[in-house]
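Convention: sequence-line order gives letters A, B, ...; per-chain numbering from 1.
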Amino acid sequence: MKLDYSAIESKWKKIWAETELYKVVEDSTLPKYYVLDMFPYPSGAGLHVGHPLGYVASDIYARHKRMTGFNVLHPMGYDAFGLPAEQYALDTGVHPAKSTSDNIKRYRAQLDNIGFSFDWSRQVRTDDPAYYRWTQWIFLNLFQHYYDNTADKAQPISTLIEHFRKSGSTGINAASSSHPAFTASDWQKMTPAEKESMLMNYRLAYRKTGFVNWCEALGTVLANDEVKDGVSERGGHPVVQKEMMQWALRVTAYAERLLNGMDNIQWSESLKAIQRNWIGRSEGAFIDFKVDSDKVIKVFTTRPDTIFGSTFLVLAKDHELVKSISSSAQKDFIEAYSERSKSRVADNKSGGEKNLDGAWTGAYALHPITNTKIPIWIADYVLSDYGTGAIMAVPSGDERDLAFATHHQLEVVEVIDRSGLEGAGIEDKEGTLINSSFLDGMTVEKAIQHMLTYLDKNNLGTKQIAYKLRDANFSRQRYWGEPFPIFYDADGLVHEMDISSLPHELPDLDDFKPSPDGRSPLARLDAWARPSANKFLETDTMPGYAGSSWYFLRYMDPNNTGEFVSKKAINYWQDVDLYVGGVEHAVGHLMYSRFWHKFLYDLDYVPTQEPFKKLVNQGMIQGVVESLILLKKRHEGKVHFISADLIKSKGLSQDAYSAIPVHIDFVSAYGQPNSHLTTEGIKSFIEWRNEYADAVFESADGTLHTLGDQEGALIETLSEVGKMSKRYHNVVNPDDVIEKYGADCFRMYEMFLGPIEQSKPWDMMGIEGINKFLRKFWSLYYNDQEEWIVDDVEPNKDSYKVLHATIKKTNEDIERFSFNTAISQFMICVNELRKSGEQANKILAPLVQLMAPFAPFIAEEIWQKLGHDESIHKSTFPTHDEKWLVNTSTVYPVCINGKKRSEITLSVDTPKEQIETSAKALPEIQKWLEGQTIKKTIVIPGKMVNIVI
RNA sequence: GCCAGAGUGGCGGAAUUGGUAGACGCGCUGGAUUCAAAAUCCAGUAUUCGCAAGGAUGUGCGGGUUCAAUUCCCGCCUCUGGUACCA
């Protein structure tokens, strides 16, 4: 029989589906293992070869776990709500519900083609009302809870209300937006609106007015992690700060636990570092500065030791005291500054230059220790939502303060002597205190501790921890998301929908375009948004990360209509043992999921504190992207493009060209590099940038391809070099590769490219090697005449040796996620067996099993031919037998001072001493040792004998 | 700037706890087969001196520990990713 992948693949795809081979149920007699992939959002582009990289790895791992006795949960689903799906719908004009479903069908077909072992009976999709009903339910839970810092967990808001009723704000230690003090009777006197706004200070899901990231082009606000370098992560549209009333999640309440929780999970150090960085914990102090009147400005500093160098205070522009303390004489200055500041917001992404703009309020504060008057300023460089939104500026100890002080000619007082410390920066925590009264002579470290105690003792301040982490914006002014289970009455008070009324379904809407005015498309659907005279539904929707923050729990019990997941299921599956996905979710999805999980833990809905025990980040598969350079001179009056490679090969000076590289892909269908300027490439380039439809392209052979006149037109540099994306015309569809080489070959090649964590460019050069290997592997079972040649003969000894070495290595390599080295070992093994003409069942049967996780189709086909009724994927993975690995004799290199001088053949179980003596007795060794003193002899069993002289 | 990770042939990459660096694959060179090509098979392939046997050098750079360092320590350089008025 000839190796016919496509026949084998379609045969087994059908059988696996019919027999529900990969369906899994809870089984208390087996240990569980949960292998999870980050589910895709079904975009219109379909999967490219980069997507399945992680899926293939986790599939191999899941299959191996199954074959080694674990009950493996390995599900898949779709992140169907959110911006990408909606953006695609907008681009094509097709309703997101339809385009999402169409895309899902396409994804499913592509995934099935690759032969994954997902249990599709557990599929979830976030846009399914039966699913998002529980997303809404979790949201309501967040709304109904606050974070009690003393108990260090979430508590029902009713407990808080009870406390307010009895004792007001006294004794409350909870995560909150602000901490107004009030008594029990104050509470009783509050209006419902006042009570509501007070509780909003504490709720884990709350509404607030504040500056948010507004993206005009997308028509919605975005969370901090959805904004990169001042533009939206999706689409790269500009983002500005806009003041809006929005829902937010109090993720900051969990900052400390999110930080500490990472100590006990197996994530890469770099990923943990990214999360730590994002949380951004710093220890310092709140210090009170009295203003002339009885007002107090609380500042945050990590350097209380430098307080004697503090020569002015700076407030953020929207600090609550700005208005009340500003003197009328300064009003004009402040207003002028405020105007400048507003217009600047939009372009502050340009970065680089520090912004030194600011204005004096006209007011002074009293230095808490020296009681001198120091001026209070307002400046852009102080952020309102970090620390207290106010700082004590110490120009001698902080570069920004120094720059600001120099610019505005403010006083600078040196407080740290660094004379002995060459090259130390002004912010380094080194040196000795000077000009600092009772701190003089102390080291920085000591002075910090001393001040903390001093502040506390004298009631001037408290030790405090600040985080960079901000509460997460949770409102989107978009159509394609979960509606909030929230409505407002005529007074604007917030009401929860009844849990029994969930799901609160997203209505059908034909015109789902976002509007630039910040109103959600749902607001246009009056009949839905205003069901009765006094009832106004929340028209914003939840962000993309809502549904993805808990989907991994739903897989455990996907069809439960009474609970988000049953106790029985969650107690069996517990948590995700292995999570595989892209590092791009490091601060978004992974942070929110951990936050939600910890919240659900507090409510006793899940038994574990962390959702993902082990996490592996697969690298990105990149497309090959070529740089083009725009020629300065026009060619017969036309803009002239030439490839960077061509410039090099012609020895042309780049100076002749304006150095504006533009990255354009000219990769042909299978990702062959070096294709330079192909007609196809030019066509797709022009399609993309039709303003260059008339340019001139010079190809590698010197031919000029004519096009038009656009002189002087600048081409911006594309930053995402290497990414495989439609935009670069370098997307390779796995289906095409599979059609040519088969799914097994595709899987193995993706794994063979290199370590899973590494990013690497896709090139098809090496795939022939895998293809060749699979044919060789097949030829162990079928000879050239296409006859089955496996027999029950007794294998030769060397076959056992190589087989068992391969078994051992495969088990180890899969466990440590090193699939490329396992495949190398297969190649060695197959070559050896072919050389010796091995035909024995005893060798060839276990070999197929080794290959089963990697090449499930071919393995299954051969397994059946070997006479097994049950699927190979239900069989038990081979384990190695040490006895076949032990060599009967070993060649020891005999070295003198580490240099190999001879060899000696001995049995492995020869005693060390005897090896030593035999080695020294060798004539060529004796020659070397003549007249030398032997310092010692080192024998490494099985490896070498080293004589040190 | 700060944090994290990584630098090994022409290329992708091996070397799991320090033990013969370059496994495996690609590419390249030569040969066999063929009328020829494709496919397949065999041999070679770090650099350098040498006809060869063999020698010397070699894992970003400079030091160190060790009989022995890609691996451990110290100091640099470069690249990648994250982050950036975070007080």
Side-chain angles (χ1 to χ4, degrees), chain A residues 228-229 268-278 280-282 284-285 299-303 306 310 314 316 348 351-356 379-383 385-394 397-401 403-404 425 427 466-470 583-584 586-587 617 619-620 673 722 748-749 752-755 757-761 763-770 772-773 775-776 779 784 809 812-813 815-816 818 820-828 831 834 891-900 903 934-940 942-949:
Chain A
K228 285 219 164 129
D229 304 322
S268 72
E269 274 313 308
S270 62
L271 191 71
K272 286 185 185 177
I274 292 172
Q275 290 223 344
R276 285 198 191 102
N277 208 319
W278 189 259
R281 180 187 200 271
S282 44
V299 304
F300 177 70
T301 180
T302 55
R303 294 298 300 276
T306 62
S310 170
V314 188
N348 79 349
E353 279 303 294
K354 300 258 184 235
N355 181 7
L356 299 176
D380 275 8
Y381 84 92
V382 173
L383 307 173
D385 51 358
Y386 181 74
T388 58
I391 62 157
M392 60 171 210
V394 182
D398 184 289
E399 275 167 27
R400 291 153 305 162
D401 294 347
F404 192 81
E427 294 183 10
Y467 302 93
K468 283 190 224 171
L469 184 72
R470 309 288 148 87
V583 72
E584 66 271 18
V587 287
N617 285 123
M620 217 164 45
M748 292 188 85
Y749 183 58
F752 192 65
L753 277 171
E757 302 88 348
Q758 233 161 71
S759 290
K760 51 231 151 187
D763 89 272
M764 293 290 287
M765 291 306 206
I767 200 167
E768 281 300 343
I770 297 288
K772 221 186 278 180
F773 159 75
R775 288 206 303 270
K776 283 181 185 173
S779 74
D784 291 348
K809 188 150 177 56
E812 286 169 0
D813 284 352
E815 206 46 62
R816 67 187 179 107
S818 175
N820 52 338
T821 52
I823 294 171
S824 294
Q825 181 65 33
F826 290 156
M827 289 173 171
I828 295 168
N831 275 335
R834 266 166 59 87
V891 178
Y892 281 79
V894 179
C895 304
I896 293 174
N897 279 359
K899 291 250 148 50
K900 185 182 164 191
E903 276 179 357
I934 298 175
K935 282 193 192 137
K936 58 178 164 178
T937 307
I938 299 147
V939 178
I940 300 155
K943 295 265 181 171
M944 71 190 297
V945 184
N946 190 15
I947 300 165
V948 182
I949 53 176

Write down the protein N/O and nucleotide N/O pairs, taken from nucleotides 39-44 of chain B, whose separation is under 3.5 Å; answer none if there are no such pairs.
residue	atom	partner	partner atom	Å
U40(B)	OP1	Arg775(A)	NH2	3.2

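- Considering Asp398(A), Val314(A), Thr301(A) as possible partners of Met392(A), the one that fulfils the side-chain contact (heavy atoms from CB on, under 4.5 Å) test is Thr301(A).
- Closest to the side chain of Thr301(A), out of G19(B), C3(B), A87(B), is A87(B).
- Partners of Glu584(A) under the side-chain hydrogen bond (donor to acceptor under 3.5 Å, both in side chains) rule, at least two apart in sequence or in another chain, do not exist in this structure.
- Closest to the side chain of Asn277(A), from the set C24(B), U83(B), A4(B), is U83(B).
- Minimum atom distance to the side chain of Met827(A) is reached by C24(B), of the listed C24(B), U16(B), G13(B).
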Atom pairs under 3.5 Å: protein N/O with N/O of nucleotides 64-74 of chain B:
residue	atom	partner	partner atom	Å
C67(B)	O2	Asn946(A)	ND2	2.2

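- Note on Ser282(A): only backbone sugar-phosphate atoms sit closer than 4.0 angstrom, heavy atoms only; bases stay farther off.
- Every residue two or more places apart in sequence or in another chain that forms a salt bridge (Lys or Arg N to Asp or Glu O under 4.0 Å) with Asp813(A) is listed here: Lys809(A), Arg816(A).
- Residue contacts shown for Val299(A) are absent, as no nucleic acid heavy atom lies under 4.0 Å away.
- Evaluation of the side-chain hydrogen bond (donor to acceptor under 3.5 Å, both in side chains) rule for Ser824(A) yields no partner, not counting sequence neighbours.
- Taking the side chain of Leu383(A) as heavy atoms from C-beta on, and the options U16(B), A23(B), C85(B), the nearest nucleotide is C85(B).
- Comparing atom distances between the Lys468(A) side chain and each of A4(B), A87(B), C86(B) picks out C86(B) as nearest.
- A36(B) sits 28 Å from U45(B) when the C1' atoms are compared, rounded to a whole Å.
- In this structure, Leu469(A) and Trp278(A) have side chains that are in contact, with non-hydrogen atoms separated by less than 4.5 Å.
- Rounded to the nearest Å, the gap between the P atom of G31(B) and that of A37(B) is 12 Å.
- Ring orientation note: the planes of Tyr386(A) and Phe300(A) are nearly perpendicular, at an angle over 60° on the 30°/60° scale.
- For Tyr386(A), a side-chain nitrogen or oxygen approaches OP1 or OP2 of A87(B) to under 4.0 Å.
- A6(B) and U57(B) have their C1' atoms separated by 25 Å, given to the nearest Å.
- For the pair Thr821(A) and A15(B), the criterion of a side-chain N or O lying under 4.0 Å from OP1 or OP2 is not met.
- Inter-residue side-chain proximity for Val382(A) and Arg400(A) is flagged as unmet; no heavy-atom pair is nearer than 4.5 Å.
- Contact check, Gln758(A) against A6(B): no side-chain N or O comes under 4.0 Å of OP1 or OP2.
- When the C1' atom is compared between U8(B) and U71(B), the two are found 12 Å apart, to the nearest whole Å.
- Candidate nucleotides A4(B), A23(B), A14(B) were compared by shortest atom distance to the side chain of Ser824(A), and A23(B) ranks first.
- Annotation: U47(B) and A21(B) have their C1' atoms spaced 14 Å apart (nearest Å).
- A gap of 36 Å separates the C1' atoms of G25(B) and C73(B), to the nearest Å.
- Taking atom P in both G22(B) and U16(B), the straight-line distance is 13 Å, to the nearest Å.
- Using N1 to N3 plus N6-O4 or O6-N4 for Watson-Crick, or N1-O2 and O6-N3 for G-U wobble, each under 3.5 Å, U78(B) pairs with A6(B).
- Here the side chain of Lys809(A) is nearest to one of A87(B), A14(B), U16(B), namely U16(B).
- Closest to the Ser270(A) side chain, of the nucleotides A4(B), C85(B), A87(B), is A4(B).
- The salt bridge (Lys or Arg N to Asp or Glu O under 4.0 Å) test applied to Glu757(A) returns no partner, not counting sequence neighbours.
- Among the nucleotides C24(B), A87(B), G82(B), the one closest to the side chain of Ile828(A) is C24(B).
- G62(B) and A14(B): their C1' atoms are spaced 28 Å apart (whole Å).
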